[in-house]
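Structure first, commentary second.
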Amino acid sequence: QVQLVESGGGLVQPGGSLRLSCAASGIIFSFYHMGWYRQAPGNERELVARIFRAGDTYYVDSVKGRFTISRDNAKNTVYLQIDSLKPEDTANYYCHARKSGSPPQEYWGQGTQVTVSS
């Protein structure tokens, strides 16, 4: 059974930092591209950052320079370091795993809430 379990969300003041973690089980973690998405109320879920199998990364423009995605294949875990938080970063953050193939395989975590407010 595949599980992606996020942790690390919470309430933080503007300008603060958080580190989100996503622990994966039931998959060969190193085979998967890992990503973080977020969804705010009334908005569509959007990709925030992705780290590919080889370790290269992608960030949406709105988070470049503030968010850092990393992975530890030995721990089957992907991280999202979030710095200089803004109120507009408030959302539920979801972990995503995707393996290329025909068909591709993908899995989602249950989400962790990040709230940025003073």
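Everything numeric here is computed off the predicted structure, so don't read it as measured data.
Figure legend: R71 and F29 shown as a cation-pi pair, the cationic atom lying under 6.0 angstrom from the six-membered ring centre and within 45 degrees of its axis.
Nearest heavy-atom pair, Y59 versus A49, reported as atom, atom and distance to 0.1 Å: CD2-CB, 3.6 Å. Residue P14 comes nearest to S118 through the heavy atom pair CD-N, 3.7 Å, listed as atom of the first residue, atom of the second, then distance. Residues G9 and T112 come closest through the heavy atom pair N-OG1, 3.2 Å. Considering all non-hydrogen atoms of both residues, M34 and A97 come closest at SD-CB, 3.5 Å. Shown here for R53 and F31, the closest heavy-atom pair between the two residues is CD-O, 3.0 Å.
Side-chain contact between L4 and H96 is absent, with no heavy atoms from C-beta onward closer than 4.5 Å.
Taking the six-membered ring for Trp and the full ring otherwise, W108 and Y37 have centroids separated by under 6.0 Å.
With respect to R38 and E46, a salt bridge is recorded, a charged nitrogen being found less than 4.0 Å from a carboxylate O.
Within the structure, every pair that satisfies the disulfide (SG to SG under 2.5 Å) test and touches residues 31-118, not counting sequence neighbours, is listed here: C22-C95.
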Go through the steps for L20 and Y79 under the test side-chain contact (heavy atoms from CB on, under 4.5 Å), then give the verdict.
CA-CA 6 Å; L20 307 183; Y79 305 97; over 6 Å; no

Could you walk me through whether F67 and D89 pass side-chain contact (heavy atoms from CB on, under 4.5 Å), step by step?
CA-CA 11 Å; F67 288 22; D89 295 319; 3.9 Å; yes

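Checked by atom type, the side-chain pair Y32/Q105 shows a donor-acceptor distance below 3.5 Å.
A distance of 12.0 Å separates CG of N43 from CD of E88, quoted to the nearest 0.5 Å. Note that CG of N76 is 8.0 Å distant from OG of S25, once rounded to the nearest 0.5 Å.
With hydrogens and angles disregarded, no donor-acceptor distance shorter than 3.5 Å links the side chain of R98 to the backbone of H33.
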